[in-house]
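Report on the structure given below.
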Amino acid sequence: MSHLLLAADSVKLDSGNTAWMLTSAALVLLMTPGLAFFYGGMVRSKSVLNMLMMNFICIAVVGVLWVIYGFSLAFGNPHLGGLIGGSHQLFGLGNPDVLGGFWSSAGVPILVFAMFQLMFAIITPALISGAVADRTKFWGWTLFVALWLTVVYLPVANWVFGTGWILNKLNAEDFAGGTAVHTNAGAAGLALAIVLGKRVGWRKDPMKPHNVPFVLLGASLLWFGWYGFNAGSEGAADNIAGLAFTTTTVATCAGVLGWLLVEQLRDGKPTTVGAASGAVAGLVAITPACAFVSPLGAIAIGLIAGALCAMAVGLKYRFGFDDSLDVVGVHLVGGVTGTVLIGFFGFDHGYATPGGLQRGLFYGGGLDLLEKQVVAAVSVMLYSFILTFVIGTALKRLGVFRVSEEAEVSGIDEAEHAETAYSFSTVLSGGLSGQASGAGAGASPTTREKVDA
Amino acid sequence: MSHLLLAADSVKLDSGNTAWMLTSAALVLLMTPGLAFFYGGMVRSKSVLNMLMMNFICIAVVGVLWVIYGFSLAFGNPHLGGLIGGSHQLFGLGNPDVLGGFWSSAGVPILVFAMFQLMFAIITPALISGAVADRTKFWGWTLFVALWLTVVYLPVANWVFGTGWILNKLNAEDFAGGTAVHTNAGAAGLALAIVLGKRVGWRKDPMKPHNVPFVLLGASLLWFGWYGFNAGSEGAADNIAGLAFTTTTVATCAGVLGWLLVEQLRDGKPTTVGAASGAVAGLVAITPACAFVSPLGAIAIGLIAGALCAMAVGLKYRFGFDDSLDVVGVHLVGGVTGTVLIGFFGFDHGYATPGGLQRGLFYGGGLDLLEKQVVAAVSVMLYSFILTFVIGTALKRLGVFRVSEEAEVSGIDEAEHAETAYSFSTVLSGGLSGQASGAGAGASPTTREKVDA
Amino acid sequence: MSHLLLAADSVKLDSGNTAWMLTSAALVLLMTPGLAFFYGGMVRSKSVLNMLMMNFICIAVVGVLWVIYGFSLAFGNPHLGGLIGGSHQLFGLGNPDVLGGFWSSAGVPILVFAMFQLMFAIITPALISGAVADRTKFWGWTLFVALWLTVVYLPVANWVFGTGWILNKLNAEDFAGGTAVHTNAGAAGLALAIVLGKRVGWRKDPMKPHNVPFVLLGASLLWFGWYGFNAGSEGAADNIAGLAFTTTTVATCAGVLGWLLVEQLRDGKPTTVGAASGAVAGLVAITPACAFVSPLGAIAIGLIAGALCAMAVGLKYRFGFDDSLDVVGVHLVGGVTGTVLIGFFGFDHGYATPGGLQRGLFYGGGLDLLEKQVVAAVSVMLYSFILTFVIGTALKRLGVFRVSEEAEVSGIDEAEHAETAYSFSTVLSGGLSGQASGAGAGASPTTREKVDA
Amino acid sequence: MKLVTAVIKPFKLDDVKAALEVLGIQGLTVSEVQGFGRQRGHTEVYRGAEYTVDLVPKVRIDVLVDDFDADKVVDAVVEAARTGKIGDGKVWVTGVDTLVRVRTGERDADAV
Amino acid sequence: MKLVTAVIKPFKLDDVKAALEVLGIQGLTVSEVQGFGRQRGHTEVYRGAEYTVDLVPKVRIDVLVDDFDADKVVDAVVEAARTGKIGDGKVWVTGVDTLVRVRTGERDADAV
Amino acid sequence: MKLVTAVIKPFKLDDVKAALEVLGIQGLTVSEVQGFGRQRGHTEVYRGAEYTVDLVPKVRIDVLVDDFDADKVVDAVVEAARTGKIGDGKVWVTGVDTLVRVRTGERDADAV
Ligand SMILES: Nc1ncnc2c1ncn2[C@@H]1O[C@H](COP(=O)(O)OP(=O)(O)O)[C@@H](O)[C@H]1O
Ligand SMILES: Nc1ncnc2c1ncn2[C@@H]1O[C@H](COP(=O)(O)OP(=O)(O)O)[C@@H](O)[C@H]1O
Ligand SMILES: Nc1ncnc2c1ncn2[C@@H]1O[C@H](COP(=O)(O)OP(=O)(O)O)[C@@H](O)[C@H]1O
């Protein structure tokens, strides 16, 4: 296992690098709730809980599977010439050598690295949920997440982050997951949106965001957590982490400006949802590039991505697929953009970086790097789209994937979770409103039965 | 002071461990606002502010008392054979030796450790607030927090984390506070719920959560901050911290699954409040065990705790005490479960751990450890329940603890804080609604008087 | 550049200090969204999005300008005898020496320090937004932020944090920005409130907070992030950082108590908005003092600041300027209070601190330090007020700064951003409400046009 | 046909519904309203600024009934909604020319 | 003058508005209400405690019309709002003594 | 008895209340409604998709008055609510058969 140094080996713990990776892992975990609110604020109030749950359940399911076999398949020894990984002592993560071992020479314990990478495995399927908002059966989605993690994410993560071919053979550059995370999730979102079909009333009924402050809250938590995602991907607290932190920051700033400018020119007004979306577009695009471009290069990448994504979110109307929250427009377009732009802006900051440091077209590197980047992006996109389409179609055939039209109209929160997101009414909260008068009589007995059961 | 090494001593600062402990302290601070939203979303909209305030005031009151005498009593030299601590140079935390000293050989400054531990002292009383939602006088609660901290928390913290008998004599294992924090708060919640009595209309009127997204937001912040709580309890950024981070993660994931499965089987639908509650149940249960069990053991503990707590939240209906937000069902049950399960799942990861590393029943350790765990849990539970009952009864007798029925019906936010949580109405926000017409005439003069005063 | 050690120099990377500074930078970034919600919850629901946007855009604009020239002007070599800084190799932050260099002997990479300081440059203008809520044109505000950063913030930051006169000649003490950030923003807020004038209906119409939980959420995120702000200002993870963390915590706790006590005595009830405001007042006041006073001194400073600010928020009614969210009452008053109180409570903890360690009046230091503090505070206040007044007046003359009365009455969110913050109505979310019936017919075609464009 | 309209205290809604069910009333329509009258509102304070809120939350109930049921319904509502304290509200009756049940097109008495 | 009031299913509002525009109706007033009747509500569960919500969201439409328009309007609304399923709601007509347009002071027919 | 109903611009509510108090009107009931008419709504844009919002927030006021007070009240409301701009709203009067004060059971004139 190239990077995994077991207890035996003579690497010493580096408490500083470990402190940063522990922090980064926690930061990246927070991104998924952040995403949940970013998405949740954009749906209608009758389906916000389901959207939150689609994201939250990713943490629960992926977390358990990752410990059992996920980490091993993604970061274990290479098999089939870098198509998949796997090492027996990594299953269950309880092996003493693993508990005492370190990831790479940076002196970070294997478990810390495993948890950091887990958070990537969690948010990737979570990103997909935006494409199928308001209409997906909860347990069907849960099953999808487990299957997709195993069949799509683990191999791709192995190619890009682990012992697989993209990182080690093709030698393409993806510092924090522009391909494995965003291109991957974006392509999967496209496939699922097509498989599941449009929402009832799409393009006829208004489906505007029910809580825009939540959209910005989510975007803010995403931004905050993304520092762990990008700067943490260095695996150490050093100058490269500082560079990644810097490029991540300015690219995101530029992404906001790029998106708002397009809105100003096209729609006449800069919007809050646009600012939040532009930030995410910038973050997505800089993710693969954050340690390979200069701060000024990052500004360019952010501006381009922000503007491109702002234009791309309209594509679904032209092609007629209901990618409800623009997973394609933001993550697929943004992820591919960032991955490919490394081929132009890749520069040499003068430090060793895993995978060596190649120059892009604008820095005299010619087309060499650009080609690799395109190959990496396209391979991941196709692999993800095709397999997701297959899995999705299978689940839909089984009838466990899409809710009934009634459920959709009356609200998926009520249908799938037996809950209402908000009860603000003073009357309601007065505690005696008709809204639940039945409960007046009913609550206690029903409750008693329920809980005696 | 076993662990406290003053300036004199020859321990060098470890910037990495210190970085992690500074981060952990900040993370644990965030847990209390997280708890405030977790709880606040579950009450009715007419009492959300009071719930937020009950939690927020814990930070203010405990923070001040901790610096003055709290830390000294909890972590000072042992007195009365480990029943209480106390060291004069720790009062006020301004002593040069203390400012320059370190906590343990890990090279973490005493003040950093003191702040980390302060956050535990803050959230423990805050947890209790859920048991007495919607009906407690604000200043009475504030007084209760100060008394409870002094009489209940400080001694118990000394027993479990400091120089006291549970850690140093009984040798029971509680890595991050399953007894001192959760069993302690849970037992106190039970006592207060009984002392304060039921809310007006309990089991007759609907009292459903007014803002479920807030419940999930709070749970997410709790989860995020809990990494500081558990992995930070190692006091260093090392492999054990990595193990604690890992077990905390998977146990929480399993807790979500455990709770949702019970709901699916019992109620027919998995709910958002259930997912959030399951996460907290898992976090609570793994807290004492996080460095003493394997990742797979953690999955088992999380599943068991999630399912058990999901069933336990019904007990209040059977026994008829209004533990409004299930502090007993989640924290007492979850805390005891986790503490006791160490007796079964305790394993030997092969590193030194404060308190030595003992094996549980399933790992050939026999009943020895199990006994200690039970003794620790029961002692804390009884001590907390009895003293809380006494303090609570005294305050109630004084008439400073429970609001009037009118206040409860019209809403405690209005009665205790002269505020309304939300004013969404376009009419209202139109700024000229009758809702405050009085202010039209009244605002400026009243205000002037007010502020001239 | 006194502190900036370029690659050439022989300082080694300290991964622990770097980990803490990376974490601190991320924490301080989060403060601006925190501030956005703290402010956003206090405005009416028809202008919450504009308030969030005024804050969010500060991140985007300042982030880009900082990388291009901001950091260089603030932390470059001194010019004009400490009135402004500037070093060519710092422009763009892409110079290899800069990428490989370190800030100070603490072994923290320059870029990490640059990002940490960027976050200060972002939140300072963001603080001003509260003074001109509900009535400022979005693009006009954006332009103001760019100008103000360049003409006001960068020089002042250079004086206080960089190579300028306040830190290096006057030798006044401001550990984390009581002058450069809070006094600066407060004075600017006063100037802008006067320049822009009162909101339509001020003191006649009710303008109460539309979402108090958001106010507390924002205050909590601010508090959390402030640990990076204050303890991070040490530039290392050491005992001084521990002291700063401690004083920050207790001063904030005391600030909450101070504010609530004033409310109890003056208004008869302690409020949630008051608790949140008291926390911010405490944080503001301890910011300059956090490493120069003892924990007990911090309690005194917090109490004084909390009480003073609680009384100061009324001044606007007496003097008749519409400082909508009390930037003056909290940040100017709190910032000056904290800066000046160092002159009384300054103590000697026995460690070297940048700027040397001077004693205040109460610690036998006489009036010497007090004088310096007053000079520093007054200089920054005057400079900021005057220049802001000029910039603001210019923009207002150009007609790009204040929205029309219609826009203000119907709601600035609608007028400036073409959005509505909330759509809770089941009818609305039913997706077929008249509220957007036009969209039924209109959405798709309009949309198509839009996106084909 | 008659339309009986009542403006009552929110927490009395359940009692009124119960009372109407006793009379065999099958349906009704409820809406949230705010009342101004003898009953005083409350005061709120934000950063020292006082707001007098003089509107009180009330619930409005509209019930369509047969002419001869009107009085019974009025009496039942009045009785069920009474607390005896200021702010109990009003009940009034207006005449209805025609009533139609949308689903079936049935009219008047059959439409209730 | 007559006042035509309709309580219908929320998602039918657009159709009703369209139907009225066909009749040349210039304006109407809409409010959110909750209905109780044959149509059943739903059940919610929080931590195992069940809540029966028996009120159903409806939309209320008030349209002021000329006497002779009343029947046309009623028929148009009934037709547009019908789904044939339980819960379609009611439409009723009440007499209006006088109607004034605030802006102009115009009365009755001219005020519509 | 008469029921005077007004649909007006929200920010005119205070003026109307003031005008009614001058006439010695003790109480009224307010509700939030949305109006459709000559006054145009506004447009919102989310990620490039436009939404035309054609309903305008209005406030509805219901005042129960003695027959002989009705005209005075109508005039007072019309006057107080007028801005002269499109969207000022409507005021209308309907007859009330009986009115009861819940608290006391008083009827008609005594119940106002
Ligand atoms: N003249 C009126 N017209 C319409 N509604 C009224 C009138 N007077 C009172 N109300 C309604 O009745 C409610 C209770 O009236 P109030 O005067 O407060 O108490 P009471 O009816 O017991 O005398 C008010 O809140 C208001 O909603
Ligand atoms: N007697 C009534 N008075 C006032 N509103 C009624 C009455 N009966 C029904 N409604 C309204 O009509 C709606 C539909 O009535 P319901 O009985 O559920 O179905 P349907 O009208 O198709 O028989 C109810 O939700 C309620 O709002
Ligand atoms: N025929 C009607 N029936 C009921 N309400 C109406 C009618 N026409 C208008 N309204 C109400 O009056 C409000 C103002 O009407 P509008 O035509 O916009 O302006 P104006 O009344 O000044 O001509 C509308 O928003 C609506 O609430």
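Quick note on labels: first sequence line is chain A, next is B, and so on, each numbered from 1.
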Examine distances only and state if a side-chain atom of C:H417 and a backbone atom of A:P270 form a donor-acceptor pair shorter than 3.5 Å.
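Checked: pair present.
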Just by modelled atom types, is the A:V212 backbone N or O under 3.5 Å from a matching donor or acceptor in the C:E419 side chain?
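Not at all, since once roles are kept as given, no pair shorter than 3.5 Å links the two residues.
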Measuring heavy-atom distances to chain A, does C:W20 have an atom under 4.5 Å in its side chain, in its backbone, in both, or in neither?
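Looking at C:W20, nothing touches chain A.
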Which region of C:T142, side chain (C-beta onward) or backbone (N, CA, C, O), has a non-hydrogen atom less than 4.5 Å from a non-hydrogen atom of chain A, or is it both or neither?
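Neither the backbone nor the side chain of C:T142 comes within 4.5 Å of chain A.
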With a 4.5 angstrom heavy-atom cut-off, which part of [X] approaches chain C: side chain, backbone, both or neither?
X	answer
A:E263	neither
A:A279	side chain
A:I299	side chain

With a 4.5 Å cut-off on heavy-atom pairs, point out which of [options] contacts chain C the most.
options	answer
A:V256, A:N17, A:T272	A:T272
A:L216, A:T249, A:V43	A:L216
A:D14, A:L217, A:T18, A:V200	A:L217

I'd like to verify something: which residue of C:P33, C:A36, C:P109 has the highest number of heavy-atom pairs under 4.5 Å with chain A?
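Sorted descending by pairs with chain A, the first entry is C:P109.
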Checking side-chain contact (heavy atoms from CB on, under 4.5 Å) against A:Y227, which of C:L29, C:L27, C:T23 comes through?
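Between A:Y227 and the candidates, side-chain contact (heavy atoms from CB on, under 4.5 Å) is satisfied uniquely by C:L29.
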Check side chain to side chain donor-acceptor pair (under 3.5 Å) between A:D413 and all other residues, then give those that pass, not counting sequence neighbours.
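If we apply the side chain to side chain donor-acceptor pair (under 3.5 Å) test to A:D413, skipping adjacent residues, there are no hits.
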